[in-house]
Amino acid sequence: MASSSSNLISLKTSDGTVFKVERALAKTMKTVQAIIEEADANIYMIPIHNVFSHHMDMIIDYYKLSVAGKSKEFSVEKLDNDELKDFLLAVHYLNMEDLFEVLTQAVADRLEKKSVGYVRKYFGIENDFTPEEYAAIRKKNDWAFKGDDIEPEEDEEKQEE
Amino acid sequence: MDDDRISELPDDILSYILTMLSIKDLLKTSVLSKRWCKLWFLMRDLHFDIHNVIESEKELLEKGHLTDVTRYSRTDRCVDLDLTPKEFVKRVDQFLNNFHGTSIDSFFVNFYLDCQQSNTIDRWINFAMVRGVERINLLFLGRPYVHRTAQNKHYKFDSALFSETNASTLKHLHLEYCLVCHPTNGNFTLFKNLRSLTLRWTKLDEMFIESLLSNCRYLEKLCLIFCEFKSSMPKIVSSSLCHLKIFPCYLVSKEGYRLDVDLVLVDCLKLISLEYHGYGFDTLKLNTPVLKNINFSVSLEELNAFVTLCATFPELEIMHLDIFLKVTTSLKITQQLKHLKQLNLMICNPFILDNEECDPLWILNILQASPLLQKLTIMYTNSNFITNQKNIRDVEMFSHDEVKVVELGGCVGNWFEIEFVMNVLKYAHKLEQIVVSPYWREDEPSDWSHDSVWFQSGRKRMSEKLQEAVGLEKLVLI
């Protein structure tokens with residue numbers, strides 16, 4: 001079991017799995033670090049809310065890559081928007097600067113150069129503007145809405161629900 | 001729809017993501033929904049440059065905003081001055097006109113603009129000031145697609161225009177390729193809370209700097225880089241300044257010639273770091289008792305005088321020197337640098353050292369004068385392999401009990417490099433590692449260079465000559 005003198009810290013995810021991680025990795029999680037520092041006695045086990053075991057798997061992957069100087073090889077391409085959003089929230093909760101930066105950039109990359117219609121369809125964002133309001137906003141920065149951006153596919157069958 | 005997962009992220013995360021988008025993509029998100037529109041206004045850092053306002057480099061070339069211009073057998077990538085500034089200004093204006101955020105932290109513009117856009121730029125600065133901005137960067141050289149123009153066309157920064165309110169939130173100001181005038185009303189309110197000021201390729205009267213220094217009680221950092229003054233370098237007198245950086249500044253004579261202006265006085269009781277690349281070392285007066293870090297350019301002949309001066313700084317720990325070898329003479333260092341922990345030397349054209357009178361082991365003299373030195377880095381720039389290689393000497397009267405790490409860069413396999421390595425290996429008793437590599441570069445943003453002679457023959461030569469050397473296990477040859 002973990003004590004403050006050992007090199008491993010026990011973290012318990014929301015789905016009940018216990019991960020024993022290196023102290024150095026725990027240090028990259030500012031939330032966890034704060035809990036360790038505030039505790040008077042030795043910490044037995046640290047529960048991490050909002051973080052699931054599949055998140056921890058990815059966090060450990062990223063840590064291993066970055067220690068080997070290969071953090072650029074880390075990819076979240078296989079995650080869909082749902083999963084990416086949940087992962088981002090978990091990392092945000094744990095307050096992990098570098099990984100947070102990587103994930104927010106990943107979301108930004110998914111938004112880059114796409115047309116409004118594409119983004120709306122891809123992320124399922126509901127348009128709550130009236131047609132007049134919508135037209136007015138588009139007009140204000142008209143140059144941004146011109147040009148060859150990536151449009152959503154017209155094919156109904158390919159739509160994601 | 002109930003798939004709006006990305007939107008379930010809280011506002012602060014979403015607006016952070018927005019800062020990573022180009023202005024164009026950012027504006028597109030503003031029509032997604034009312035909430036996304038509001039997120040745009042939560043942005044606190046407004047940064048505008050050619051890539052995020054107009055297009056990526058590839059698209060700029062395709063659309064004719066950028067062209068390759070060849071002049072005197074040199075090809076530069078230049079911005080189309082007819083199309084692009086107008087479009088840039090129009091887009092930034094539109095953005096700002098529709099921006100409903102009431103508070104921002106930083107406002108940066110990096111694009112070629114000049115006095116033709118004066119009114120617009122004044123308006124932008126006002127926009128930022130009204131929103132409590134803390135950092136302003138106005139870089140009008142337009143890097144990396146630099147465009148130079150006559151000085152009388154530069155934008156004129158008149159702080160009096162922005163000094164209406166009593167309070168000023170401005171803490172960091174960086175101006176490039178501007179004219180800075182003394183505030184017409186003598187009012188320095190705008191700068192009252194300034195913590196750092198950087199002026200690059202800027203023309204101004206030295207009186208402005210001197211007045212600024214006495215009016216800014218909190219100024220910690222001042223950088224004057226390639227600036228043009230009226231008749232002399234300002235005297236740097238400040239009770240708050242901690243960091244000072246000066247790159248060669250000049251004045252323009254009546255006949256139109258550029259003449260160097262030298263730094264003459266630095267009287268700053270709190271100064272921790274000083275970087276000066278210029279001349280006039282013999283007339284320089286420094287009152288900087290807590291100086292920790294110094295970075296200068298000196299010629300080899302001035303070295304002893306420089307070290308003597310530095311010996312008077314009781315807290316000096318880090319020294320960086322660019323050494324120009326004009327005259328080769330044997331060098332004695334007469335004073336000690338008692339607290340120096342780190343020394344970085346950049347030695348330009350070291351092959352000049354190959355002269356009967358020169359004693360290249362002068363570096364060991366400096367090492368000896370720094371008894372507590374932990375790390376020594378030497379970079380030879382623009383080195384050449386000398387045809388008549390001399391024999392390697394054992395210096396015998398050398399000893400150092402502290403230095404742990406030595407790095408030698410820009411090597412080509414010259415005899416004086418090998419001689420230096422051999423003596424360090426033998427006589428630096430606490431040495432953990434000495435790394436020898438051919439790579440060098442002039443300054444941070446430049447690319448690394450190296451001379452191929454190292455990999456062809458220099459490295460092998462050094463390796464052979466050092467076969468019998470004491471302490472060989474500490475040597476790392478790249």
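Chain identifiers are assigned alphabetically (A, B, ...) following the order of the sequence lines, protein sequences preceding nucleic acid strands; residue numbering begins at 1 within each chain. All values below were derived from every heavy atom in this structure, side-chain atoms included, with hydrogens, water molecules and symmetry-related copies excluded.
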Problem set entry | B:Tyr155 and B:Tyr177: CA distance, side-chain angles, deciding distance, ring pair (Phe, Tyr, Trp, His ring centres under 6.0 Å) verdict | CA-CA 8 Å; B:Tyr155 168 72; B:Tyr177 222 53; over 10 Å; no
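- The aromatic rings of A:His55 and A:Phe52 sit perpendicular, their planes meeting at an angle over 60°, well past the 30° parallel limit.
- Listed by sequence position, B:Trp40, B:Val53 are the residues of residues 39-53 of chain B in contact with chain A, using a 4.5 angstrom heavy-atom cutoff.
- For an aromatic pair to be called close, the ring centres must be under 6.0 Å apart, and B:His450 with B:Phe455 satisfies this.
- Side-chain contact check for A:Asn81 and A:Arg110: at least one donor-acceptor pair (N or O, by modelled atom type) lies under 3.5 Å.
- Comparing A:Asp142, A:Thr104, A:Asp109 by how many heavy-atom pairs each has under 4.5 Å with chain B, the most go to A:Thr104.
- For the 3.5 Å distance criterion, the side chains of B:Tyr112 and B:Asp114 qualify, holding a donor opposite an acceptor.
- Geometrically, B:Arg131 engages B:Phe127 in a cation-pi contact defined by less than 6.0 Å to the ring centre and at most 45° from the axis.
- Contacts of A:Asp80 with chain B are absent, with no heavy-atom separation under 4.5 Å from either backbone or side chain.
- For a residue to count as touching a neighbouring chain, one of its non-hydrogen atoms must lie under 4.5 Å from one of that chain's; by this rule B:Asp12 touches chain A with the side chain only.
- Closest heavy-atom contact between A:Glu101 and B:Met20: OE2-CE, 3.5 Å.
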